[in-house]
Structure formats: C-alpha cells, structure tokens
Novice: 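If you scroll down you'll find the structure; I have some questions about it.
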Amino acid sequence: MAETTHQAFDPLATGSHARQLRAKFTVYALLVFFALLYLSPLVIIFMNSFRPLEEIVREGFISAPNALSAQYWVEAWSSFCIGGNCEGVSRYFSNTLIMTIPATILSTAFGVVNGYALSKWRFKYDTWVFGLITLGVFLPAQMTLLPWAFVLGKIGLSNTIGGLVLVHTVQGISFTTLFCRNYFVAVPDDLIKAARIDGAGFWRIFRRIMLPLSPPILIVCVIWQFTGIWNEFLFGTVFTSGSNQPITSAIVAFSGSGTGERHYNVEAASVIFAALPPLCVYVLGGKYFVRGLTSGAVK
Amino acid sequence: MTILRAGSPSAGAELSTNSNKKPMMQDPSQPSLAARLARWTPQMVLFPTLAAAFMYVVVFSAWTLWISVSQSTLLPNMTYGGFGEYAALWKSKRWVVSYQNLFLFGALYVLGSLFVGTLLAILIDQRVRFESVWRTIFLYPLAISFIVTGTVWRWIFHPQTGVERALNDLGWLSANFDWITDRDMALYVVVFTGIWHASGFAMALILAGLRSVDGDLIKAAQIDGASMPRIYRKVVLPTIWPIFIAVTVVLLQFAIKTYDLVVALTQGGPGVATTVPAIVVYDLMFQRGQIAQGAAAAVMILVALAIVIVPYIIWTNWRAKKEGQTHG
C-alpha cells in the first residue's frame, strides 16, 4: 500500500553542498516542466470557453485572451445544437447522470455482497465462480456488442438509458466483486468464526462485521464505477442514438463533424461539462482513487 | 484496473469456515427448512451475478465466436459459413494496417508511460515539498475520459488552432507542426496523448513500489559511495520489477482496447494512418453491415488480450504458489 513505510533518509541530502543544490534544482525543474505539460490542456480549454469565437478563429487556442464572457457556458448548457437537437449539453449531461448513478449503486452493492460471500464463505468451486466473474474484467467490449444489441432489443431496452444501466451494471459487477473480494480476504477469519459460533448467520455477519469495515472499499468502488461509467463511450454510441446518447457521444457528434461552422468556445465549455463530474470525484476522493489503482497490483 | 489472481488460494483459506462444519444445535438428520436454506445463502446470493457473468463471459463470447464463422452479413444468419471471414479480414489492407498500428502504438505507449511514470515517481520520491499536489497533477488525466482528452489535444495539435498557429502568430512564420494531419506522424500524436493520459497511473504504482523498498538497502549502497541515479538504476528499480510487469500488462490491455482516444483525436485518420483494431470492429459491425467479419475482428482482439493476460495469470499464480512454499 502506498502509505506504509518510507525509507528514512533524504536522497537529496547527500554529496557536497553544490551538488545538493544542483540536484534539488533539477528535481524541481523537471517537476514543474511536467506539471505544466499535464495542466496545459486544462488551462487552454478553460481559457477558451470564455473567449469570443472570432478571437479564437483569429488567434487559435493558444494565445492570450482579451475579452472574456461566461455566455458560452450558458449557451453550451442550454441552447447549443448537437446533431440537430438544440437543447445544449444539459440533455446529454442528465442522460449520463441518470445512467451513471443507478449503475454505480447497483454494481457496488452487488460487488460488496459478492466479495463478502466469496472471501468468507468457502464452498465447492468457489474459486471457479470468482474466476468466471473476474474474467468479465478482461473481456473486450467488442466481443459483447452484437449479443448485447440482440438482448437489449429482445427485452425492449434498445436505445434507452435503462439498457445502458443494465450493460454497465453487469460489466461493473466484475470489477467491484474483484475489488471487494481482494479487500475482504484481509479481514481475519477468526472474527467470522467467532460470530458463527455465537449463531450469527450470513446476513447478520455481513451487517454487523463486514459492513462497518467496508467504507474504504465502498468509496473505491463508487469512485471507480462513477468515473468509469461516466467516461464510457463505446456502449453509449452503439446502444443509443440521438437525444438518448450519453455526453461522451454528444461530444464526438459535434467535434467530429468536420463540416459546418465551428463554435470552439461553446464546444470547449461543453467539453468541460463532460469532464467536470469525474474530475470533482477525483479531487475529492484522490486518496481512494490511488488505492483502487494499487490494490492488488502491489504486494 | 486490478490484477487478477484467479484461483489463487486466499491468505486464510484453511481458516475459512465451511458450512458443513457449522456447529448447529439441531439434529443433523432433520435440519429445518430455514437451516437448510441458510446453508445455501452464499450460493444463492452469488447466483444472480454468476448467471450474469456466465451469460456475459461464456454465452456472449461463444455467440460472437459463432457469428464470426456464420454467414451473417447485415443481419445475423446463424448458418455455418466457415472461416472465410477471417481470411478476408487478414487480406484487407485496413485490418493489417490497424494491427501494425496497434503493435507500434502499444510498444511506444507502454514504454513511454513506463519511462515517464518511473521518472515522475523517482522525482516525487526525493522528499519533495507538496508531494500530494504533484501527485494530483500527474494523475488527474486518468479521471478524464479519452473522449475529452482526445478532443482537447486535437485542438492543440491541429495546425489551424493549436501549437503551429501560436508559433506563427508569435512571429515564427515558418514554424511547422502538423503531425496530426501527416500520415507518417499522426500515430505519434496518439502515442503522446496516450502517454499523457496513462503515465500518472504508472507513476502511482511505481511510487507505491519505491516506498516499499527496504531503506537499509539504499543506505548500504550510499555508504558504498554510489550516486543516487546509480542507486536507483542498480538497486531500487531492479527490486520492484514485478510492479513493472504488472503495469506493463495493464497498459498493454489498455492499448489493445484503445478506441475512444483515437476516435476523438484523429478518427483513425488521416486515411487509415491511425486506425486501430477496435475501430475496424465498429466499422465492420455497425457501418458496413459485415457483422461476421466484424465478429472475426473482435475475436482477434480477444486473442491479442489472451496472449498478454493468460501467461501473466499463470505466472502470478505460479509465483504465489512458490512464495507459499518457501514460507512453509
């Protein structure tokens, strides 16, 4: 885990004084260089979402802004025309929200219970069950597109947000089960054993012992599912069309079309709307975001 | 994304309780219905997920596999049609180019992300001030979708709106930076953007690895008079090689599945210069009405993934077993 031991020495405090200074300078210079490189797209897009169109057309995206206005954000939200639909990105933003929230909650809820059942209640072939569920993590989406399209059509969920919720929940359970199972394995079995001797059953142990231990992994699951589903593009593009599409598809719809007049400032604001929710989740839950990354991969 | 250890025995497997040994007060020959039900609770709880996973992983895969050898064209036709679509796929120039692109992109993307990630991790490991600020900056691209990433970087790379324009306006009139519209260079734009997106991921994992290295090892090397770069190269990095393998496997997976980034950045162009297999799959299935060939292409993506992941899973399980043996 990231927050455990750290070597108790200062690598920069070695060598002669001049060498130390030089090393320190190099380290910070490199850090600043990379930080600027990483932040530049964010700065550029924010800046241009406030600039008049003619200024962007005249000077490009990378130039100092003269006049600033928030009206492009309003336009992007409520009246920007995407694929002939002039409701702005608000429509697609709420599509994505309506898709992401239930799918996140459902897949996390299933994952926690599954992880508990798989780690603390051994039964015949349990590792096979776990293996099958986690194979879903690796299966490329392309292998499931045609069958999903058929199934969604059969159950009447073609081109609906409900259909996307189903697809994302089924796929997401693989991830959350994997996360939770690996987390719960570390809970001492003696704790469960003692509770069972006292006569506690499956759900009672879950409520009284596992759930109180779960918040860290619950947060990891919620963050990963939320950002993953919010940012997803392929399923949304294949299974929905027109005004039922998620915001990622809407962005491709307006930015991909090479023809027609471009509205760079409104487009930039729209792109920010698409990026903001996962970015907020990341900034608020950064620690858990990293923990989700490192769990399992680092031993 | 986490690394799978499917089937590996959990740390406390032998400690784990087993339903059969449950110390119940009832007569074992006549358990009540409730008790019998209670014994099967874990299996019943897992059943919906198992059914969904079975459908998703086994049935859907078999289904797509069958479509790929069927006579389907625009609509599914499940009559067996042989492996002709695979042959046709490998004869199509577009597919061959996309697979070549995947190799070049995958190699540069993984190596580049590992290099930048390692560099950033080492820099942050130098007890720098505001560590969490640096980490947040380098990792935030991972929270942003490929669609947003690709859209923004396309504006930056495009000669009309981006860097070239800015340089021209600054007075450097002959400045020329049109990689994104250049057939020979466009793939490197995708590589750069991919590295921008993923190197924070590599950094986070490698940094966690650096922090787990025994400090005494480094002190000993320092006393021997080794310089810091040398200590990292010869002592620290070699000890965390399993992390490099784990990161490589995850990044290779990302590379093979790459789709959204290219769609938003270059749409596979100019021409077919940045086309990747996932784009070909989408086009065949949903644009050209050749779903059998599209399914064949999807199966080839699965094969590429399996080539990366199956050896890795076998290797991690083998290592886990070996570790279990050496520890008694």
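For clarity, every value in this text was computed on a predicted model and none was experimentally measured. Chain letters run A, B, ... following the sequence lines, proteins first, then strands; residues in each count from 1.
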Novice: Please evaluate residues A/Val271 and B/Val152 with respect to the criterion side chain to side chain contact (heavy atoms under 4.5 Å, CB included), reporting the C-alpha separation (whole Å), side-chain torsions for both, the decisive distance (0.1 Å), and the verdict.
Specialist: CA-CA 8 Å; A/Val271 165; B/Val152 178; 4.0 Å; yes
Novice: Would you say that more than 12 heavy atoms from the other residues, nucleotides or ligands in this model lie under 6.0 Å from the CD of B/Glu131, or not?
Specialist: yes
Novice: Who wins among B/Ala166, B/Ser132, B/Ala143, B/Ala52 for the most heavy-atom pairs under 4.5 Å with chain A?
Specialist: B/Ala143
Novice: Side chain from CB out, backbone as N, CA, C, O: work out which of these in A/Ile173 comes under 4.5 Å of a heavy atom of chain B, or both, or neither.
Specialist: side chain
Novice: Main chain of A/Val57, side chain of B/Arg165: is a donor-acceptor contact present, judged purely on distance under 3.5 Å?
Specialist: yes
Novice: So which part of A/Leu37 gets closer than 4.5 Å to some heavy atom of chain B, the side chain, the backbone, both or neither?
Specialist: both
Novice: From B/Ile147 CD1 over to A/Glu232 CD, what is the distance, rounded to the nearest 0.5 angstrom?
Specialist: 9.0 Å
Novice: Can you find a pair of side-chain heavy atoms, one from A/Ser63 and one from B/Asp169, that are under 4.5 Å apart?
Specialist: no
Novice: Would you say the side-chain atoms of A/Asn231 pair up with the backbone N or O of B/Phe146, donor to acceptor, closer than 3.5 Å?
Specialist: no
Novice: May I ask you to decide if the ring planes of A/Trp148 and B/Tyr56 are parallel, tilted or perpendicular, using 30° and 60° as cut-offs?
Specialist: tilted
Novice: How many angstroms lie between OG1 in B/Thr136 and OH in A/Tyr282, if you round to the nearest 0.5 Å?
Specialist: 4.5 Å
Novice: Out of A/Ile45, A/Ile44, A/Asn48, which one pairs with B/Trp155 under the side chain to side chain contact (heavy atoms under 4.5 Å, CB included) rule?
Specialist: A/Ile45
Novice: Tell me, for B/Val59 versus chain A, whether the close heavy atoms (under 4.5 Å) come from the side chain, the backbone, both or neither.
Specialist: neither
Novice: Using a cut-off of under 4.5 Å for heavy-atom pairs, which of B/Ile67, B/Leu302, B/Ile256, B/Leu207 has the most such pairs with chain A?
Specialist: B/Leu302
Novice: Assess the residue pair B/Val45 and A/Trp121 against the criterion (side chain to side chain contact (heavy atoms under 4.5 Å, CB included)); give the C-alpha distance rounded to whole Å, side-chain angles, the decisive distance to 0.1 Å, and a yes or no.
Specialist: CA-CA 11 Å; B/Val45 162; A/Trp121 297 76; over 6 Å; no
Novice: What do the steps show when you test B/Leu46 against A/Phe130 for side chain to side chain contact (heavy atoms under 4.5 Å, CB included), and what is the final call?
Specialist: CA-CA 10 Å; B/Leu46 283 167; A/Phe130 179 59; over 6 Å; no
Novice: Which atoms of A/Phe110 come close to chain B, meaning under 4.5 Å heavy atom to heavy atom: side chain ones, backbone ones, both, or neither?
Specialist: side chain
Novice: Mind checking whether A/Leu145 and B/Phe286 have side chains closer than 4.5 Å, heavy atoms only?
Specialist: yes
Novice: Atom NZ of A/Lys24 and atom CD of B/Gln126: how far apart are they, to the nearest 0.5 Å?
Specialist: 10.5 Å
Novice: Given a strict heavy-atom distance threshold of 4.5 Å, which part of A/Phe202 is in contact with chain B: side chain, backbone, both, or neither?
Specialist: side chain
Novice: Can you tell me how far the CZ atom of A/Phe150 sits from the CZ atom of B/Phe60, to the nearest 0.5 Å?
Specialist: 10.0 Å
Novice: So A/Met143 and B/Val299, do their side chains get closer than 4.5 Å, heavy atoms only?
Specialist: yes
Novice: I'd like to check B/Ile156 versus A/Pro41 (side-chain heavy atoms, cut-off strictly below 4.5 Å). Are they in contact?
Specialist: yes
Novice: Give a yes or no on this: more than 12 heavy atoms of other residues, nucleotides or ligands lie within 6.0 Å of atom CZ of A/Arg204.
Specialist: no
Novice: Between B/Ile144 and A/Leu279, does a side chain to side chain contact (heavy atoms under 4.5 Å, CB included) hold up when you go through it step by step?
Specialist: CA-CA 7 Å; B/Ile144 292 177; A/Leu279 208 54; 3.8 Å; yes
Novice: Tell me, for B/Leu119 versus chain A, whether the close heavy atoms (under 4.5 Å) come from the side chain, the backbone, both or neither.
Specialist: side chain
Novice: At a heavy-atom separation under 4.5 Å, does B/Ile195 approach chain A through its side chain, its backbone, both, or neither?
Specialist: backbone
Novice: Taking side chain as everything from C-beta outward and backbone as N, CA, C, O, which of these in B/Val263 sits under 4.5 Å from a heavy atom of chain A? Side chain, backbone, both or neither.
Specialist: side chain
Novice: Does any backbone or side-chain atom of A/Val129 lie under 4.5 Å from a heavy atom of chain B? Answer side chain, backbone, both or neither.
Specialist: both
Novice: Any heavy-atom pair between the side chains of B/Ile124 and A/Leu31 that's under 4.5 Å?
Specialist: yes
Novice: When you compare the side chain of B/Asp260 with that of A/Thr248, does any pair of heavy atoms fall below 4.5 Å?
Specialist: no
Novice: Any heavy-atom pair between the side chains of B/Trp63 and A/Val151 that's under 4.5 Å?
Specialist: yes
Novice: Below 4.5 Å from any heavy atom of chain B, which atoms of A/Ile247 appear? Answer side chain, backbone, both or neither.
Specialist: neither
Novice: Please state whether the side chain, the backbone, both or neither of B/Thr151 comes within less than 4.5 Å of a heavy atom of chain A.
Specialist: side chain
Novice: Taking side chain as everything from C-beta outward and backbone as N, CA, C, O, which of these in B/Ile137 sits under 4.5 Å from a heavy atom of chain A? Side chain, backbone, both or neither.
Specialist: both
Novice: Do A/Tyr38 and B/Trp196 come within less than 4.5 Å of each other through their side chains, counting heavy atoms only?
Specialist: yes
Novice: What's the separation between atom OG1 in B/Thr49 and atom CG in A/Asn114, rounded to the nearest 0.5 Å?
Specialist: 3.5 Å
Novice: Which atoms of B/Phe192 come close to chain A, meaning under 4.5 Å heavy atom to heavy atom: side chain ones, backbone ones, both, or neither?
Specialist: side chain
Novice: With rounding to the nearest 0.5 angstrom, report the CZ to CG distance, A/Phe138 to B/Leu305.
Specialist: 9.0 Å
